[in-house]
Asker: 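Mind looking over this structure? Questions follow.
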Amino acid sequence: MKERVFNFAAGPSVLPLEVLEKARDELVSYGDSGMSVMEMTHRGKDFAGIFQKAKSLFREVLSVPDTHEILFLQGGATLQFASIPMNLLRGGTADYAVTGVFSGKAAREAEKYGKVNLACDMSASGFDRIPDQRDLETSEDASYFYYCANNTIYGTEWHYVPEVSSALVCDMSSDILSCPVDVSRYGLIYAGAQKNIAPAGLTVVVIDRTLAGRHLDITPEVMRYDALIKNDSMLNTPPCWCIYMLTLELEWLKRQGGVTAMDELRRVRSGMIYDVLDNSGFYISMAEPGSRSFMNVTFRTPSAELDSRFVSEAEREGLVNLKGHRTTGGIRASLYNAMPPEGAAALADYMKRFEAQNRCFR
Ligand SMILES: *Cc1c(COP(=O)(O)O)cnc(C)c1O
C-alpha cells in the first residue's frame, strides 16, 4: 500500500489517521452488533446509541447551549442556501454579506423566496478581504443577517462576529470546530461536514429553537426545521455512516484538547505558510493580511506556468491537492483540523526550495 500523503484538498479533505483506523477496525462488525454501521437500521438500538453520542459530543465540544437544537441532515451546505430563506425569510428582508463564491450563491438562492439586501459585496476587490463592521449596511426590518465565516476559495476569514440586531446566520463549513464559538450569539450555524469534520454526505445545523416554525407554506417537509427538530433529524433516513464517523472525529478532537487546542494549531500551521509568503519576493499572497484565513492559504507564483509546476513537483514529494480553485487559479493549501503540523512544515520547506530554484523566472 502507498504511504499516506499530506493531503491539502479543500474538501472532501484529510481525516485523522486514528479515526480512519478505528473505522477500519469496526467496519465489518460494530461493537457486538455483528454488522457494519452501514448495514444498520437507523431506527434500531445500536444506531440510536451512535446518534445520541454524536449529538452529545457535538454539544459538548462546541459548547452548544440548551436553547439550540443540533440537526444532522443531508443535501450539503448548498441545500441550506434554500432551507434558510424558506424557513426564516417570511415577509421581511434578509441581509447577506457577500464575501466569496458561496455567500454569493446563498444570496442568489434567497432572492427566489424573499427580499435580499446585500450588506456588503466584496467582489470589487476580488474578494481579497472581509469588510469592517462599520461598512456593513443592514436593513431595518431584517429577518436575519447571513455571512460565511471562512471563504474556502479565496482564503479569507472573518476575525470578528458581526454585531447585528437580527438573527445571525452563519455558514461555517470550512472552519467549524477549528476554534471556540459563542453559539448563543447565533440564530443558526451550519456546515457541510466534508471540509473539517467528517466525510461528505452530512450537514450539521445548529439552530435556536425559537426560529423554527416560521417557514413558507411551500417549504418541503424534509427542509422544515420544525419538522426536523420534532423528529430528531429522523424525518427520513439520516446519513448514518457519516454520523458514526463524526463520533470518531469528535472523540479524537476531545483527546487533542478540543476546539481551544484546534485554534492554537490552526494558527501554528497557517503561520508557517504565511511566514514563507511574507519573507518572499517570489510568492504573492492572495488575501489581505488582516483578512487571512487560518484554514485555506491562497497564493500564487509569478506565472500560471510556475503555479502548475509548483503543484506537480509538490505531488512528487507527497504534498497533494495544492491546485487553487478553478475560479481563482493559483495555489491553495487547505490546513484543516486533521492536517498534522508536520504537513504544514513540509509544505513550508518545499516552498522555500521551490523559490530558491525558480527565483530567476521572476
Ligand atoms: C464547500 C462549501 C460549500 C458547499 O458545500 P456543499 O456541501 O458541497 O454543498 C458551502 N460553503 C462553504 C464555506 C464551503 O466551503
Asker: Test side chain to side chain donor-acceptor pair (under 3.5 Å) on Ser178 and Asn337; report intermediate values, then the result.
Answerer: CA-CA 6 Å; Ser178 72; Asn337 280 358; 5.1 Å; no
Asker: Check the angle between the aromatic planes of Phe72 and Phe51 and answer parallel, tilted or perpendicular using the 30° and 60° thresholds.
Answerer: perpendicular
Asker: Quickly, which of Thr156, Asn150, Asn151 forms a side-chain hydrogen bond (donor to acceptor under 3.5 Å, both in side chains) with Thr99? Name it, please.
Answerer: Asn151
Asker: Starting at SG of Cys240, measure out to CG of Leu202 and round the result to the nearest 0.5 Å.
Answerer: 10.5 Å
Asker: Is any NZ, NE, NH1 or NH2 atom of the basic residue among Glu317 and Arg353 found under 4.0 Å from an Asp or Glu carboxylate oxygen of the other?
Answerer: yes
Asker: Would you say Trp252 ends up clustered with Tyr336 if hydrophobic residues are merged whenever their side chains have heavy atoms under 4.5 Å apart, either directly or through other cluster members?
Answerer: no
Asker: Is it true that Asp95 and Thr138 share a donor-acceptor pair across their side chains at a distance under 3.5 Å?
Answerer: no
Asker: Return the CG to CD distance between Leu265 and Gln256, rounded to the nearest 0.5 Å.
Answerer: 8.0 Å
Asker: Atom OG of Ser334 and atom CE of Met295: how far apart are they, to the nearest 0.5 Å?
Answerer: 8.5 Å
Asker: Determine, for Asp217 against Arg90, whether the closest basic-nitrogen to carboxylate-oxygen distance falls under 4.0 angstrom.
Answerer: yes
Asker: Answer yes if Met86 and Tyr146 sit in the same cluster of Ile, Leu, Val, Met, Phe, Trp and Tyr residues linked by side chain heavy atoms under 4.5 Å apart, and no otherwise.
Answerer: yes
Asker: Is there a continuous path of hydrophobic side-chain contacts, each under 4.5 Å between heavy atoms, that joins Leu71 to Ile50?
Answerer: no
Asker: Minimum heavy-atom separation for Ser143 to Leu88, with atom names?
Answerer: CB-O, 3.4 Å
Asker: Given side chains that start at C-beta, do those of Ile331 and Thr301 come closer than 4.5 Å, heavy atoms only?
Answerer: yes
Asker: So, do Leu277 and Ile284 sit near enough that their side-chain heavy atoms are less than 4.5 Å apart?
Answerer: no
Asker: Kindly give the heavy-atom pair with the smallest separation between Ile176 and Phe58, and that separation in Å.
Answerer: CD1-CZ, 4.0 Å
Asker: Are Lys352 and Tyr283 in a cation-pi contact, defined as NZ or CZ under 6.0 Å from the six-membered ring centre and within 45° of the axis?
Answerer: no
Asker: Between Asp182 and Val161, is there a side-chain heavy-atom distance shorter than 4.5 Å?
Answerer: no
Asker: Evaluate side chain to side chain donor-acceptor pair (under 3.5 Å) for Ser285 paired with Arg292, printing each intermediate quantity in order.
Answerer: CA-CA 9 Å; Ser285 175; Arg292 284 171 167 177; 3.2 Å; yes
Asker: Check Ala97 against Trp158 and note the closest heavy-atom contact, atom names and distance.
Answerer: CB-CZ2, 3.8 Å
Asker: Measure the CZ-OG1 distance between Arg209 and Thr67 for me, rounded to the nearest 0.5 Å.
Answerer: 7.0 Å
Asker: Any side-chain to backbone donor/acceptor pair from Ser173 onto Gly192? Under 3.5 Å, distance only.
Answerer: yes
Asker: Is there side-chain contact between Arg43 and Met234, with at least one heavy-atom pair below 4.5 Å?
Answerer: yes
Asker: Drop me the distance from Ile70's CD1 to Leu62's CG, to the nearest 0.5 angstrom.
Answerer: 8.0 Å
Asker: Please determine whether side chain to side chain donor-acceptor pair (under 3.5 Å) holds for the pair Asp232 and Gln52, giving the CA-CA distance in whole Å, both sets of side-chain angles, and the decisive distance to 0.1 Å.
Answerer: CA-CA 10 Å; Asp232 204 8; Gln52 289 312 324; 3.3 Å; yes
Asker: Testing the basics here: between Arg59 and Pro65, what is the closest heavy-atom pair and its distance to 0.1 Å?
Answerer: NH1-O, 2.9 Å
Asker: Do Leu79 and Leu89 belong together in a cluster built from hydrophobic side chains that touch within less than 4.5 Å?
Answerer: yes
Asker: If the threshold is 4.0 Å, N to carboxylate O, is there a salt bridge linking Glu69 and Lys55?
Answerer: yes
Asker: Side chains of Phe299 and Val276: does their closest heavy-atom pair fall under 4.5 Å?
Answerer: no
Asker: Return the minimal non-hydrogen interatomic distance between Ile130 and Ser291, and the atom names on each side.
Answerer: N-OG, 2.9 Å
Asker: Is the shortest side-chain heavy-atom distance between Ser165 and Phe145 below 4.5 Å?
Answerer: no
Asker: Quick check: closest heavy atoms across Leu177 and Asn196, and the distance to 0.1 Å?
Answerer: C-ND2, 4.2 Å
Asker: Test salt bridge (charged side-chain N to carboxylate O under 4.0 Å, His left out) on Lys105 and Asp171 and set out the steps.
Answerer: CA-CA 12 Å; Lys105 285 186 174 171; Asp171 176 357; over 6 Å; no
Asker: If you take the centroid of each ring, where Trp contributes its six-membered ring, are Tyr350 and Phe310 closer together than 6.0 Å?
Answerer: yes
Asker: May I have all residue pairs that pass ring-ring contact (aromatic ring centres under 6.0 Å, His included) and include part of residues 176-233, sequence neighbours excluded?
Answerer: none
Asker: Before giving the answer on side chain to side chain donor-acceptor pair (under 3.5 Å), spell out for Thr152 and Ser174 the whole-Å C-alpha distance, their side-chain angles and the decisive distance to 0.1 Å.
Answerer: CA-CA 6 Å; Thr152 321; Ser174 48; 2.8 Å; yes
Asker: Between Glu249 and Lys22 (salt bridge meaning N to carboxylate O under 4.0 Å), is one present in this structure?
Answerer: no
